[in-house]
Novice: 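Have a look at the structure that comes next, please.
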2 protein chains.
Amino acid sequence: MPQKLLAFHRHNHTHCVSSALAEAQELCNERGARLTPLRRQVLELIWQSHIPLGAYALMDQLAELTTRRVAPPTVYRALDFLLEQGLVHRIHGLNAFIGCPTPGEHHQSEFLLCRDCGVAKEIDSEELSQAIRIVAEADGFLVENNSVEVTGLCPNCRPKDDAPHERA
Amino acid sequence: MPQKLLAFHRHNHTHCVSSALAEAQELCNERGARLTPLRRQVLELIWQSHIPLGAYALMDQLAELTTRRVAPPTVYRALDFLLEQGLVHRIHGLNAFIGCPTPGEHHQSEFLLCRDCGVAKEIDSEELSQAIRIVAEADGFLVENNSVEVTGLCPNCRPKDDAPHERA
DNA sequence: ACCCATGTGTTACTATATAGCCTCACTATA
DNA sequence: TATAGTGAGGCTATATAGTAACACATGGGT
């Protein structure tokens, strides 16, 4: 199965998580950034979900794991670090966070978001980024960052075909 | 001056506001939707600003105008109505709202947002929407709605040229 | 030993958004 | 004219999201 379809299909996600953590560790080492136990744990929790996770959901999960209360600033600081390092993205439309599958490369925040099952799939399309640059430049606008959040239905949740006879 | 550049340049904005209000009224009439005084006032306040306006900023302005307190639900209900009618867009990255210049047409929420002066300019590019559809379809994803929020510097705020000698 | 930088804990708070209930105005009908 | 239905808006309270500010702790360098 092509890599690009992964998020929308069954797969051994444990593997995704552990390789994401390993890659994160490596990147941080290279950069002299400190992937502390807390930050690592937050990253792991985010990666374990294909559905973007809110900061407070994350807090709850951390609280369960550590059996003691975790306050908002703790989580937000870890998230800020992960965002700075490009290890996670924020999904503004959901006030939530999702792991970045290609943290080493410079790239934008572009997602397909299923409104039914909630799964988020990052898209990395040169054509799309190009289209945005072209439109912006036509207005004399200097692009620094773009956020694309496309909502709809993923292959698992959309009607199975588009033929005239309904098949919900 | 081409219409597309309007938001980034000086112009008689009073005219924009009044024609937007007139168009909104017309659309609501056609649809049997009620553009009540409150809703109209909220729409007008939003239109008066080229910078997306938050719900609480809106509340404050309403409170000044009416000289009595306006509670959050009041504003949010008006905003919900305006969003449903496609008269305004929500900018998720800013938790704010901006008037839609082409409310009659079906279109997406795609914006250039200047991080310096805050001005928001809606873009309506078939190429961009097309690029999104293509990427989505490649993943078998059924697009219902897209939100593009490009941040950067508008023509007025970006350095005046890109030549080697700096000219901030 | 000491200082300093960085990361985390903690309290309190601000900002954004919604639930639920009440009243009013308008309309449709008996 | 009564009266019930509907939709808009007022209001209180509360939920959810995010931040400020300070205290403490650890680990590295001098």
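Just so we're on the same page: letters track the sequence lines, and every chain starts at 1.
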Novice: Nearest-Å distance, CG (A/L79) to C1' (D/dA17)?
Specialist: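 From A/L79 CG to D/dA17 C1': 12 Å.
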Novice: How many whole angstroms separate atom CG of B/L62 from atom C1' of D/dA8?
Specialist: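 So the two atoms are 15 Å apart, to the nearest Å.
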Novice: Write down the distance between CG (A/L53) and C1' (D/dT16), rounded to a whole number of angstrom.
Specialist: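 The answer, rounded to whole Å, is 15 Å.
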Novice: Can you tell me how far P of D/dG9 sits from CZ of B/R40, to the nearest Å?
Specialist: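 These atoms are roughly 14 Å apart.
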Novice: Report the distance from atom CG of B/L82 to atom P of D/dG9, rounded to the nearest whole Å.
Specialist: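 Value for this atom pair: 10 Å.
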Novice: What about A/I123 and A/L87, same hydrophobic cluster or not, with Ile/Leu/Val/Met/Phe/Trp/Tyr joined at side-chain heavy-atom distances under 4.5 Å?
Specialist: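 No.
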Novice: Would you mind building the protein contact string for nucleotides 16-22 of chain C? One character per nucleotide, 5' to 3', B for base within reach (heavy atoms under 4.0 Å), S for sugar-phosphate only, - for untouched.
Specialist: BBBBB--
Novice: Below 30° counts as parallel, above 60° as perpendicular, anything between as tilted: where do the rings of A/Y76 and A/Y56 land?
Specialist: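 Rings of A/Y76 and A/Y56: perpendicular, over 60°.
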Novice: Which pairs with one or both residues in residues 60-71 of chain A pass side chain to side chain donor-acceptor pair (under 3.5 Å), sequence neighbours excluded?
Specialist: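 For residues 60-71 of chain A: none.
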Novice: Provide, to the nearest angstrom, the distance between the CD1 atom belonging to A/I91 and the C1' atom belonging to D/dA17.
Specialist: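 Whole-Å distance recorded here is 16 Å.
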Novice: Can you give me the bend angle of the helix from C/dA1-D/dT30 to C/dA30-D/dT1? Use the axis through the first five pairs and the one through the last five, nearest 10 degrees.
Specialist: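 About 0°, once rounded to a multiple of 10°.
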Novice: Can you see if the side chain of A/R69 gets near the phosphate of C/dT10 - specifically, an N or O under 4.0 Å from OP1 or OP2?
Specialist: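 For A/R69, the contact criterion (side-chain N or O under 4.0 Å from OP1 or OP2 of C/dT10) is not met.
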Novice: Is the distance from OP1 or OP2 of C/dT6 to the nearest side-chain N or O of A/R34 less than 4.0 Å?
Specialist: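 For A/R34, the contact criterion (side-chain N or O under 4.0 Å from OP1 or OP2 of C/dT6) is not met.
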Novice: Using atom CE of B/M59 as one end and atom P of D/dG10 as the other, report the distance to the nearest whole Å.
Specialist: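 Spelled out: CE on B/M59 to P on D/dG10 is 11 Å.
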Novice: For A/R39 and C/dT8, what is the distance between atoms CZ and C1' respectively, to the nearest whole Å?
Specialist: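 Nearest whole value for this atom pair: 9 Å.
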Novice: Parallel under 30°, tilted from 30 to 60°, perpendicular over 60°: which one fits the rings of A/F111 and A/H89?
Specialist: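 Ring orientation, 0 to 90° scale: perpendicular.
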Novice: Report yes if the distance between the aromatic ring centroids of A/H15 and A/H13 is under 6.0 Å, otherwise no.
Specialist: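 No, the ring of A/H15 stays outside the 6.0 Å limit from the ring of A/H13, centre to centre.
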Novice: Within the 4.0 Å heavy-atom criterion, would you say B/T36 contacts the bases, only the backbone, or no part of the nucleic acid?
Specialist: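 It contacts sugar-phosphate atoms only.
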Novice: With a 4.0 Å cut-off, would you call A/E126 and A/R133 a salt bridge?
Specialist: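 Counted as a salt bridge, because a side-chain N and a carboxylate O are separated by less than 4.0 Å.
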Novice: Are the side chains of A/W47 and A/P101 in contact, using a 4.5 Å heavy-atom criterion?
Specialist: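 Yes, their side chains come closer than 4.5 Å.
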Novice: Would you say B/F8 and B/L112 make side-chain contact, with heavy atoms under 4.5 Å?
Specialist: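 In short, these two side chains touch, coming nearer than 4.5 Å.
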Novice: Applying a strict under-4.5 Å side-chain criterion to I, L, V, M, F, W and Y, I'd like to know whether B/L53 and B/L79 cluster together.
Specialist: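 Hydrophobic grouping puts B/L53 with B/L79.
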Novice: Should B/T74 be listed as having a side-chain N or O under 4.0 Å from OP1 or OP2 of D/dG10?
Specialist: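 Checking B/T74 against D/dG10: at least one side-chain N or O falls below 4.0 Å of OP1 or OP2.
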